[in-house]
Undergrad: 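One structure coming up, written as structure tokens, with questions to follow.
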Protein chains: 4
Amino acid sequence: MATVAFIGLGIMGAPMAANLVAAGHEVIGVNRSRPAVDRLVERGGRGGDSLAVAVAAADVVVTMLPDAPDVSGVALGEAGLYAAARPGTLHLDCSTIAPEVSRRLAEAGAARGLDVLDAPVSGGESGAVDGTLSIMVGGPADAVARARPLLEAMGKTVVHVGPAGAGQTVKAANQLIVAGTIQLVAEALVFLTAHGVDREAACRVLAGGLAGSAILDRKAAGMLAHDFTPGFRVDLHHKDLGIVTAAAREAGVPVPLGAHVAQLMAAVRARGHGDLDHTALLLLVEELAGHSPGHSDS
Amino acid sequence: MATVAFIGLGIMGAPMAANLVAAGHEVIGVNRSRPAVDRLVERGGRGGDSLAVAVAAADVVVTMLPDAPDVSGVALGEAGLYAAARPGTLHLDCSTIAPEVSRRLAEAGAARGLDVLDAPVSGGESGAVDGTLSIMVGGPADAVARARPLLEAMGKTVVHVGPAGAGQTVKAANQLIVAGTIQLVAEALVFLTAHGVDREAACRVLAGGLAGSAILDRKAAGMLAHDFTPGFRVDLHHKDLGIVTAAAREAGVPVPLGAHVAQLMAAVRARGHGDLDHTALLLLVEELAGHSPGHSDS
Amino acid sequence: MATVAFIGLGIMGAPMAANLVAAGHEVIGVNRSRPAVDRLVERGGRGGDSLAVAVAAADVVVTMLPDAPDVSGVALGEAGLYAAARPGTLHLDCSTIAPEVSRRLAEAGAARGLDVLDAPVSGGESGAVDGTLSIMVGGPADAVARARPLLEAMGKTVVHVGPAGAGQTVKAANQLIVAGTIQLVAEALVFLTAHGVDREAACRVLAGGLAGSAILDRKAAGMLAHDFTPGFRVDLHHKDLGIVTAAAREAGVPVPLGAHVAQLMAAVRARGHGDLDHTALLLLVEELAGHSPGHSDS
Amino acid sequence: MATVAFIGLGIMGAPMAANLVAAGHEVIGVNRSRPAVDRLVERGGRGGDSLAVAVAAADVVVTMLPDAPDVSGVALGEAGLYAAARPGTLHLDCSTIAPEVSRRLAEAGAARGLDVLDAPVSGGESGAVDGTLSIMVGGPADAVARARPLLEAMGKTVVHVGPAGAGQTVKAANQLIVAGTIQLVAEALVFLTAHGVDREAACRVLAGGLAGSAILDRKAAGMLAHDFTPGFRVDLHHKDLGIVTAAAREAGVPVPLGAHVAQLMAAVRARGHGDLDHTALLLLVEELAGHSPGHSDS
């Protein structure tokens, strides 16, 4: 069993850390605000006095942070992770950031004798709680082998997809598909509403055929109920679509539907819905279809 | 057990008819070309001498035809289904056609004392063979109750979604989602190729998270192998996207991603790929990304 | 000089008829509501007692009507144009309708010994008033030669573009470009607003370079002032974009940006702005950008 | 009359510098390769021995370079423009780069006592030769007043649109509109071809109505002739669309058609047409419509 410093106990990080505790690891929680640490302690974890102390005590450091500047700040700062960690420490970054940032972190870590993996996750809060996340891992094979027991405590589908940054690349592709699928389901729902069809019945039959998807299975009920409690926030998905369109541009490949839905997500955010679940794309489609803002589907 | 005239023994119709035989029904096959009828006879069905004779002998008539003119021709012609059928006969139209055509057929059938249901299906050839289709049914509840044993012999998810035409409306929504999802997966694959990521590994992890879908489960392997044997042909999906965009226009609802992928499907067809599986959207995305036409991914 | 029955004295038709009067023709006005006829009489025209009487007295019949059913109704009805007109009469249809409807009218007219031309116009109300319309003419060359003096009384750029229906095809292309250009200008304006740039100065410099267009010249001021008095209504442009996307589909050519802006125009209409000028696409872009509905740019 | 160091004598820069010579200014040309300098000397300019020497001798320095790193390299390098220029020198950057880079340059220049203006241009090679460019100027009013005689020697429409960076913001909007308009015209042309319409006649009538634009006036003939000699290269317009979509993202405004055409331009580039004129968007639309690559429209 490993000693794990877990940095970032938010909607996703908290249950992931709890699953590491449940798997028998010693987990030291580090978080900007204290209550999240206290809740981890209640679940059997420990509280870290400071990032540097927690990291120095750890075999493995997991980071689960909102954006690239957060991860870079934690990793590269003067009193940061890479300065404080003992050589041989494994850094498992589960944040979703640009592939090139992950590659830079891997180089910086290697220069200090650390193993660094990018290991972003998909599956949402429920997947984090249930330990059924998909985890897409980039980095050297031996580090992946070393990380696997921890990863399998947090996820069900753990796949090594390539060298440093490859995990982020696959996560970017994941975010393109997820946003697009939400939008397609939203268009279908508004289309069905306009034609007076029973949408719950329709969702059941759609889910059973070639239109079936994790979005229909896990998100359609919330969409039908107009419940946009995150889950995964529009602001973060907007950030991720910026990563994927930029990475596509760099690689010289068009992603027409991806770029299209990125514009729609930007519109959802511009309309003030950045804190809602990403399924709030439905609100935008309803507005485009002329439904009044106060419209209720329930 | 019912006596069923089954009209249209193509890629989908043949295995659906065979499943009705397997469920114990007496099935009279009618098809433009004879070999398909012979194959049904080998499976335990009967051959129909003519459409009129087959229909006159039947309790239930199933039609599984490519497009609205085919169905209207069979149903409304002078020696056609509605002229030949005994009052009380149930017409189960499993074709994918415009909702308004289904509504007109339902009226014409009712005028002759027939029960008419629109019951388009989703799930592809494999779903038809395995009897695991999703079937979206529109029409009166009592007729649906009467049809249910037959429908459940052909499909796993059978849902009554509303009055006449509602099945087609849901099928239109289904086709919007399916085309869009194929396109999203195609963009993701080309994006991953451009970044040098192991695409098979990536597909496994994508399928396990929120990006997961029936398309990833059933179609990604063929896409990776560049095997575009239909399955469901581009020509037919192009036709269906014409139905969904027209029906959205009539209802006054925008379907931005749906209309976008309809243009891309039109381009696949214009480039001469109408006879390939609809996953040939991948070919278009590869061409947009500058891959040479002879490019092989295997 | 010709005797002209002019059917349809709306925003466009009234000044076009007045220009025919000014050119010395005898013009008999026919309109659903009387005041428009009275205004033409004040300008030197005559009022028609009935369509049939007016047509029977005319050498040339001009129709300027909202949509295909209006034109077909007037032309093909029992007491309609083609029944009442003397053989040899020229029917000049300036309405914007589907090319195939124009082709059918040309055939029906020819069967009765009439010359039929499709001659839709572009240039808006100001072009109609000033007699500076662009007119795109489809039909036989001799009929175009015969019509030219009348067409040149109404427009500045009169071009024979091909056989029956070709005028409508070019008009469809025109409407695709016009809608798209309005949308591009709208996006540019919202982009400039968000960056705090002086938009009037920007429009001046944009109009002078490669971004220059008739839309920037004639419509930007109204857009900046949020004055959406038609001009050309959203409802009609929405209808026209239905024609162009359907005609593209029939011809097997994708029109990706055209189909995209058709969805946006549909959304403007769905949001209740069908009676505003088509530049109300700006309202939609502002809403997508999160500007409040009551937002004023003046 | 001013002494002007002109840095960057490419397709656009060479005729712009020549127009400054013609207006009576002393122009010292600086360019990576010598022949362009020699051609300027033939026109009455002088050759610069080095950037530093040329700049030190100048009242005004004009830069006309491909991309932000070029401008930053020239301006901020150790032996660069800002190090070599005398206090009070005016730096007129006519390159098209991101607004934020222009703002940073303005700050860096101000810190050394220089006046810096961003003054990107529109109008293409012909506008540069004829001195009819549109020039969109950002920076302090007094510097703009000082620069005006030089700007008016190069352009016809010179507009001060706001503070530092505002010129670039307007240029970004310009590039969005230009790319979109080319694409709309390309779609119209392919649509007209598919319907067998005379495209030259059609272009004449389209140019005269509300669809009229500088693109139709100046570029349609080349498009009809399939002559894609630049003019303005796809590679550069692709770069510019990256600037506009990024700037829109930062400002939180969606630009749906802009983002769409950015994907299409990326596809033209990915297909190996980066060195062609940006009207090569037509090639892509033709390919989407199934025209063979060797297809000739002439």
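Just the heavy atoms: all of them, side chains too, but no hydrogens, waters or symmetry mates, feed the values below. Letters go in sequence order (proteins before strands), and every chain restarts at 1.
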Undergrad: Less than 4.5 Å to any heavy atom of chain A: does that hold for the side chain of Pro163(B), its backbone, both, or neither?
TA: neither
Undergrad: Give the minimum heavy-atom separation between Val285(A) and Pro254(B), together with the two atoms involved.
TA: CG1-O, 4.5 Å
Undergrad: With a 3.5 Å distance limit and no angle check, can you tell me whether Ser134(A) reaches the backbone of Val205(B) through a side-chain donor-acceptor pair?
TA: yes
Undergrad: Output the option from Leu192(B), Val261(B), Asp198(B) having the highest count of non-hydrogen pairs under 4.5 Å with chain A.
TA: Leu192(B)
Undergrad: Examine whether an atom of Leu189(A) lies under 4.5 Å from a heavy atom of chain B, and if so say whether it belongs to the side chain, the backbone or both; otherwise answer neither.
TA: neither
Undergrad: Examine whether an atom of Lys219(B) lies under 4.5 Å from a heavy atom of chain A, and if so say whether it belongs to the side chain, the backbone or both; otherwise answer neither.
TA: side chain
Undergrad: Testing the basics here: between Leu288(B) and Pro256(A), what is the closest heavy-atom pair and its distance to 0.1 Å?
TA: CD1-CG, 4.4 Å
Undergrad: Side chain, backbone, both or neither: which part of Val244(A) has a heavy atom under 4.5 Å from chain B?
TA: both
Undergrad: Tell me, for Leu133(A) versus chain B, whether the close heavy atoms (under 4.5 Å) come from the side chain, the backbone, both or neither.
TA: neither
Undergrad: Which pair of non-hydrogen atoms, one from Ala188(B) and one from Ile177(A), has the smallest distance, and what is that distance?
TA: CB-CD1, 3.7 Å
Undergrad: When you measure from the side chain of Ser122(B) to the backbone of Leu210(A), do you find a donor-acceptor pair of N or O atoms at a distance under 3.5 Å?
TA: yes
Undergrad: Relative to chain B, which of Ile135(A), Val161(A), Val158(A), Leu216(A) shows the most heavy atom pairs under 4.5 Å?
TA: Val161(A)
Undergrad: Look at Gly167(B), Ala172(B), Gly212(B), Gly138(B) and state which one has the largest set of heavy-atom pairs under 4.5 Å with chain A.
TA: Gly212(B)
Undergrad: Side chain, backbone, both or neither: which part of Val137(B) has a non-hydrogen atom closer than 4.5 Å to chain A?
TA: neither
Undergrad: Against chain B, label Arg204(A) side chain, backbone, both or neither, depending on which of its atoms sit under 4.5 Å from a heavy atom there.
TA: both
Undergrad: When heavy-atom pairs shorter than 4.5 Å are enumerated against chain A, which of Gly180(B), Ala251(B), Ala211(B) gives the highest number?
TA: Ala211(B)
Undergrad: With a 4.5 Å heavy-atom cut-off, do Leu184(A) and Gln183(B) have their side chains touching?
TA: no
Undergrad: Heavy-atom distances under 4.5 Å only: say whether Ile215(B) touches chain A with side chain, backbone, both or neither.
TA: both
Undergrad: So, do Leu264(A) and Leu257(B) sit near enough that their side-chain heavy atoms are less than 4.5 Å apart?
TA: yes
Undergrad: Identify which part of Ala186(A) has an atom lying under 4.5 Å from any heavy atom of chain B, answering side chain, backbone, both or neither.
TA: neither
Undergrad: Where on Ala179(B) is there a heavy atom nearer than 4.5 Å to chain A: the side chain, the backbone, both, or neither?
TA: neither
Undergrad: Counting C-beta onward and ignoring hydrogens, is there a side-chain heavy-atom pair between Pro99(A) and His195(B) closer than 4.5 Å?
TA: no
Undergrad: Does some side-chain heavy atom of Thr169(A) sit less than 4.5 Å from a side-chain heavy atom of Phe191(B)?
TA: yes
Undergrad: Under a 4.5 Å heavy-atom cutoff, which of Ala166(A), Ala201(A), Gly162(A) has the most pairs with chain B?
TA: Ala201(A)
